Amino acid sequence: MNLIIMGAPGAGKGTQAELISKRENIPAISTGQILREAMREGTDLGRIAARYVESGALVPDDIVIGIVKDHLTSDACRDGFILDGFPRSVAQAEALKKTGVRIDAVLVIDVPDERIIRRMSGRQVCRCGASFHTEYLPPKVEDVCDKCGSKLFIRDDDKPETVANRLKTYHEYTEPLIDFYRREGLLVKVEGQEKVEDTTELVRQALSKAGAE
Ligand code: ADP
Ligand code: ZN
């Protein structure tokens, strides 16, 4: 299965991507996670990306398109993949289309802005890609990742001012992709729920109905 997951920041894309990745045994490629890793390592890419990520803006299209192309052509994606956080602009979607890589479905997790803002306070993430929430999805041991045992941290760009910018960026640049993929007949939409398991179940049903699984 070749799947794209879309949704506002904090809609639960990453969480669902991880779950599907495990279930289907295909890699989840998160451009946000790749950029954060580069920022942590202080590479050239990381230094450039930081300027945009920290303000809640999009990293320039050519940079992320390059990253995604490298991954999609790697052996790991032979049996399928999940794109989490890409494409995020019409230019990115068009670049992806141009590669000729087949996409089976585009899953949109829809969550209203008010709920997003509530959710982002309390979010904790791990360097392995797992994410938690002090209230909605607490780790078994406080501040420790269930999956790999690393210490959890709060993303710099989860502070309220940046969240507001990320939402604005989403509505302006990413939301138009919903129509783009609806026209392509690939759109599968679910309402993001309070409970992760509930969203997971809706996603499972929606994807099987769409014949993507
Ligand atoms: P979220 O969806 O919660 O905002 P991500 O981890 O997907 O989190 O992205 C974090 C940040 O990384 C974004 O705000 C943006 O600055 C940058 N980023 C991630 N993916 C892309 C992309 N496809 N194009 C441009 N910028 C991106
Ligand atoms: Zn972890």
Side-chain angles (χ1 to χ4, degrees), residues 1-21 23-38 45 48-49 52-53 56-111 129 165-192 199 202-213:
M1 174 178 52
N2 298 348
L3 180 69
I4 291 173
I5 303 192
M6 276 182 59
K13 299 186 292 290
T15 303
Q16 296 302 326
E18 287 292 320
L19 291 168
I20 300 171
S21 161
R23 194 172 69 215
E24 302 283 321
N25 201 21
I26 50 175
I29 302 158
S30 158
T31 43
Q33 206 184 318
I34 292 166
L35 295 170
R36 274 190 294 284
E37 210 166 287
L45 167 66
I48 298 169
Y52 303 93
V53 173
L58 291 183
V59 172
D61 287 333
D62 51 337
I63 297 180
V64 278
I65 289 166
I67 295 174
V68 170
K69 273 191 187 162
D70 285 350
H71 276 78
L72 291 186
T73 52
S74 79
D75 252 12
C77 291
R78 221 182 22 218
D79 299 329
F81 57 80
I82 304 160
L83 280 174
D84 159 18
F86 182 96
R88 245 178 163 94
S89 66
V90 172
Q92 292 179 17
E94 269 158 5
L96 177 62
K97 196 172 170 185
K98 245 170 133 185
T99 64
V101 172
R102 186 192 82 241
I103 298 295
D104 299 313
V106 177
L107 174 69
V108 176
I109 303 178
D110 198 30
V111 176
N165 271 334
R166 284 159 65 200
L167 270 174
K168 199 164 154 255
T169 304
Y170 176 75
H171 291 306
E172 189 170 343
Y173 297 101
T174 311
E175 223 163 36
L177 289 181
I178 295 179
D179 270 337
F180 180 98
Y181 286 119
R182 188 180 285 124
R183 282 196 297 271
E184 307 252 306
L186 293 174
L187 198 72
V188 177
K189 196 163 153 185
V190 303
E191 304 291 324
T199 306
L202 289 182
V203 165
R204 203 188 52 72
Q205 287 170 9
L207 288 179
S208 86
K209 198 166 136 215
E213 273 193 358

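These values consider heavy atoms only, across backbone and side chains, with no hydrogens, waters or symmetry-generated copies. For this chain, numbers begin at 1 and follow the sequence in order. This is a predicted model, so every value here is computed, not measured.
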Separation of [Y] [atom2] from [X] [atom1] (nearest 0.5 Å):
X	Y	atom1	atom2	value
His71	Lys69	NE2	NZ	15.0 Å
Lys168	Glu172	NZ	CD	6.0 Å
Ile20	Asn25	CD1	CG	13.5 Å
Leu72	Asn2	CG	CG	8.5 Å
Leu83	Ser30	CG	OG	10.0 Å

Quick one, [X] and [Y] - any side-chain contact, counting heavy atoms below 4.5 Å?
X	Y	answer
Leu107	Ile82	no
Leu45	Ile67	yes
Tyr170	Leu58	no
Val106	Leu177	no
Val108	Tyr181	no
Leu3	Leu207	yes
Leu35	Val64	yes
Phe86	Ile65	yes

Say whether, by atom type as modelled, one donor and one acceptor occur between the side chain of [X] and the main chain of [Y] under 3.5 angstrom.
X	Y	answer
Gln92	Arg88	yes
Thr169	Gly56	yes
Asp84	Ala28	no
Ser21	Ile26	yes
Lys13	Ile5	no
Ser89	Tyr173	no

Surrounding CZ of Phe180 (heavy atoms of other residues, nucleotides or ligands, distance under 6.0 Å), is the total greater than 12?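 Check passes, neighbour count above 12.
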Please test Glu184 against Ile103 for side chain to side chain contact (heavy atoms under 4.5 Å, CB included), starting from the C-alpha separation and ending with a verdict. CA-CA 10 Å; Glu184 307 252 306; Ile103 298 295; over 6 Å; no
Closest non-hydrogen atom pair between Glu191 and Leu202, with its separation: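 The answer is O-CD1, 3.5 Å.
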Val68 vs Thr99, test: side chain to side chain contact (heavy atoms under 4.5 Å, CB included). Steps then yes/no. CA-CA 11 Å; Val68 170; Thr99 64; over 6 Å; no
